[in-house]
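Below, chains carry the letters A, B, ... as their sequence lines are ordered, and counting in each starts from 1.
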Amino acid sequence: MNMPDLFSFQSPVKIESGRRALENIPIELARSEARKPLVLCGSQRDGTAEQFAAAFGDSGVPIVLYEGIPADPDFMTLRELWGLYRDRGCDAIIALGGGTTADAAKALNIAVSGRPEDLEQATGGSPAAARLRPFFYCPTTPGDGRETSCFARFGKRDFSSMSLMPNLAVIDPRLLREGAPGALTAAMVEALATAVEARLAPARNPLSGLYADVVIRLLAENAAAAKKRAAALAPAANALCLSGVVLSNAVRGPASRLAAALSAETPISEATALAILLPHAAAFLAKRHPAAAADLLLPLAGADAFTRTPAGERAARMAPQLRSLIRNLAGAADAPPSSLGAAAVPKEALPAAARRAALDASGASEAEGLEILSLAWTGTP
Amino acid sequence: MGSFRQIEPGRKPFKKAYVAIMLWFVGRSIPIAAKVDPGIRREIADLPDGFTFSLGVLPAGPAMIVGKDASGRAHYLGWHPERQKVDLSLKIRNIEAAIGMFTFQESTAVATARNRLIVDGEVPHACAVVRILDAVEVYLLFKVLARLAVKRYPDWSAGRILWGRFRIYLGAVLGF
Amino acid sequence: MELPGYYEFFCRPRVIAGHEALEQVPAALGELQARSAMIVTDKGVTGAGLTGILTQAVGGGLRIGAVADDVPPDSDLRIVHRLADVYRREVCDAILAVGGGSVMDTAKAVNILVSEQADDLMRFSGAGALKRPLRPLVAIPTTAGTGSEATIIAVVKDHQRHLKMAFASPYLMPDLAVLDSRMTLSLPPAITAATGMDALTHAVEAYYCLAKNPLSDGAALAAVRLVGEHLLRVTRDPSDRNGRLAMATAALLAGAAFSNSMVGMVHTMGHATGSVCGVAHGVCMAIYLPYGLEYNLHKRGETMAELLLPLAGEEVYRGTPPVERARRMIAEVRKLNADLHEATGGRHARFLSEVRDREGRPMVTREQIPEIARAALNDGSIFYNPEEMDFDDLRMVIFAAWTGEPLDASRIRKG
């Protein structure tokens, strides 16, 4: 196991996951001396808000439920929420939903710990160090793996601070939904990418590694093996919450940077680009860190397959194993195209994407990024 | 623009009633079981004189209390733990968790492992009380259900269990 | 990977680990708005020069308001009160706890008093009594170890009233756990072996007891692997810095694992043996661990088999057919004890009748076994054990652990 000379890791999110998890929320609020949460939900009317409210029966805790967080909330929405929070005497925030709801909740938390103007005037980055209010997250439809992370995106600005992470993530199977077509696959691939890239990063350490391994195993052993799509929801939700923690302790790797860059330059969606790019980026990183790549085969393939593979071949087997896992997670309905070319990405766009990704110092230079993109374009394994 | 509403916490009267009945039965069974079963009698004898314990549901009941008087006998003391000093309280975190336990979806051991219970009092006493509850459950429940409730079904004779069950049900309902 | 019907997991402390991790403490405390720390430690730690290494490492970046190095081997209520007074008098705003389990417990208790501005510690005993975050607490373990830098528990003894007070709250967890290889470099082989086996036991029991969950499993597997790769080597070569860091990480991971998924009969019997006969915790863990595995084998064999690869490595795993892996795991634990026994010149005991005090006298007699079994009945950890245990079961297992003979499988009553 790799022991760096110096490493740091933090996971301030408590996880409560499984049957009757929701009913614990009143006691957890009491533990943080909160008595009246403002609960934010998206606009989908899928019964989750009603189920959530029912869990408070017999608890003595009233809730203020706001339904209709839009897909791209703005400062007007934030002011409305801030006013509601203050007028109703709320003292905690719960996000019930996916990525946008979580972002809105984090932004609101900054605002209520000061004033909404603070958020509007902030140029992004870290909010002031004031202690934020208790913030819980309850997944429903699949998010994008950033819900439990230290990151928040609001009003086209990006914020980042460990204090933005939810104090508690409550994963209750009753609330989990598949969401829009392709959403579940995209979410799982996102979580997988975060975990794989963290395991192959130069700054990998035993703690980020163990969280990453749990994400990979939940996806490989539970979600991919699920006979029915619905059975993948719980492992996927758990994996997503944990991947947010991994993300907050890691630097984004080449696959996610290139996917983001490519989707900014071309019509391809970030999720599809990531599904295609991840095995190629992993193969590139495997050449740089063969020991880490070999190690990664263990959570991907399981102990028996791992020990049966000769030690010298493990690093090379990792990327193909990863590719087949992505296909299993996607299933027949969401199978990604076999290459960027097959996904109708114009070859001329690749250099610009490589340049854009390299700006963020992803650990792959512009030339290396272009090499990964080119291999992914032709589909050479 | 979204919509908002304030939701006051609802009630769950049927679930509370079910749990209340179960707790009443268990509470009234313990003193009888102590007369019938030497193991339970020994556990009660080892507890301090005047010791009281309660098993209840947060935030506001139902509950049951059992106490040991100065002469060493156990008594059912009702369902209002706030009205007296309780040395050991086992509180189930919410009504749904209580339903899970009293419909045998979660045994005492599993419920403890899943953090459904909050124990307030000294650990050795809690250990004794859990052993007493386990033994009482063996008497009260048919084997099929008791096996779901306890970790290891004891190897008592069928006669011991049947006589004890008869005596405890009779005593719990009639009060002696 | 098993996704249980319900689970909880929380490991709050920020972890900074490395060969020069202590130097990061002033900046990390600065982020928590703390500038003036009180060091809580014991004479053993100061005597080994570790307090000096710490004060030098933090240099001018942090004011050391006070150094209290008189924490006894067992946490004591009177010391807790005295240290709280020192903290207030010297206007400190953070605590650096440098030491083993007792120092950590004491520091956590002091933190309750100074944060809640209270005088009566009893008010906060039990679970859920704390409602707010406490003042900054930094845990710097000097053994590898109890893992108490990652737990929500603190235990304090009131020697005057003969009481043990237990506190459990997520707010008790340190804000920061600093693992620095310099802090365990001077650990003598026998203590390295015992504390290492303590960490292994935490990880193994967390892996097969009733409250196991994906995260505690991940932490436990990582811990077992680190112990398997490093414990024997570090016991033989105390100056192996990477090995020391690896073992410190293993102890923290094992602490995170068991703090969330609890422990079972090995701890039940270990606590009782410690309180009746005064045997050190790690020594008890090492001796009882194979017996805990044997006793629960019929209920958790498949789970135990999963520990063979991380503990014993690939060659052993590949050479063991699946049906034999659980038993091989138990054999490997016994082998590890035997190897450590040899590496420590016989100081690491393999069974209870081999445990000796400083004068060479046996610490556990056959006649004490019933008393140990009785004490074990009062320990809450028994409830998380997969199989039921009553007085007779306990006596049987403790006797086997006394002689060193494996358990007779036919005598295990299966539930």
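With a 4.5 angstrom heavy-atom cutoff, R114(B) does not touch chain A via any of its atoms. Looking at K16(B), the atoms closer than 4.5 Å to chain A (heavy atoms on both sides) all sit in the side chain, from C-beta outward. With a threshold of 4.5 angstrom between heavy atoms, A54(A) approaches chain B through N, CA, C or O but not through any side-chain atom. Looking at L84(A), only its side chain comes within 4.5 Å of chain B, counting heavy atoms on both sides.
Ion pair R5(B)/E67(A) flagged as a salt bridge, since at least one NZ, NE, NH1 or NH2 atom sits closer than 4.0 Å to an Asp/Glu carboxylate oxygen.
Contact between I7(B) and A53(A) at its shortest, heavy atoms only, is CD1-CB, 3.7 Å. Contact detail for R19(A) and R116(B): the closest heavy-atom pair is O-NH2, 3.0 Å. Closest approach of Q6(B) to P62(A), counting heavy atoms only: NE2-CB, 4.3 Å. Of all heavy-atom pairs between R20(A) and E106(B), the closest is NH1-OE2, 3.8 Å.
Residue-environment remark: CZ (R153(A)) stays at or below the threshold of 12 foreign heavy atoms within 6.0 Å. In R86(A), the CZ atom is crowded: over 12 heavy atoms of neighbouring residues, nucleotides or ligands sit closer than 6.0 Å. Heavy atoms of other residues, nucleotides or ligands lying less than 6.0 angstrom from CH2 of W79(B) number 12 at most. Residue-environment remark: NZ (K85(B)) exceeds the threshold of 12 foreign heavy atoms within 6.0 Å.
Atoms CG and CZ, from L81(A) and F4(B) in turn, are 10.5 Å apart once rounded to the nearest 0.5 Å. A distance of 11.0 Å separates OG in S59(A) from CZ in R11(B), rounded to the nearest 0.5 Å.
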Checklist entry - Would L58(B) and I27(A) satisfy side-chain contact (heavy atoms from CB on, under 4.5 Å), going step by step from the backbone distance to the final call? => result CA-CA 9 Å; L58(B) 288 173; I27(A) 277 201; 3.8 Å; yes

Next on the checklist: Evaluate E23(A) against R93(B) for side-chain contact (heavy atoms from CB on, under 4.5 Å), listing each step before the verdict.
Outcome noted: CA-CA 9 Å; E23(A) 278 81 358; R93(B) 283 215 281 188; over 6 Å; no

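When the candidates I63(A), V39(A), V61(A), T77(A) are compared by the number of heavy-atom contacts under 4.5 Å with chain B, I63(A) comes out ahead. Per-residue heavy-atom pair counts under 4.5 Å with chain B were compared for I69(A), D58(A), V64(A), and the maximum is reached by D58(A).
Contact check for F56(A) versus E8(B): no side-chain heavy atoms found under the 4.5 Å cut-off. By the 4.5 Å heavy-atom criterion applied to side chains, P26(A) and P59(B) are not counted as neighbours.
Side chain of Y66(A) to main chain of S3(B): no donor-acceptor pair is present (N/O by atom type, distance under 3.5 Å, no hydrogens or angles).
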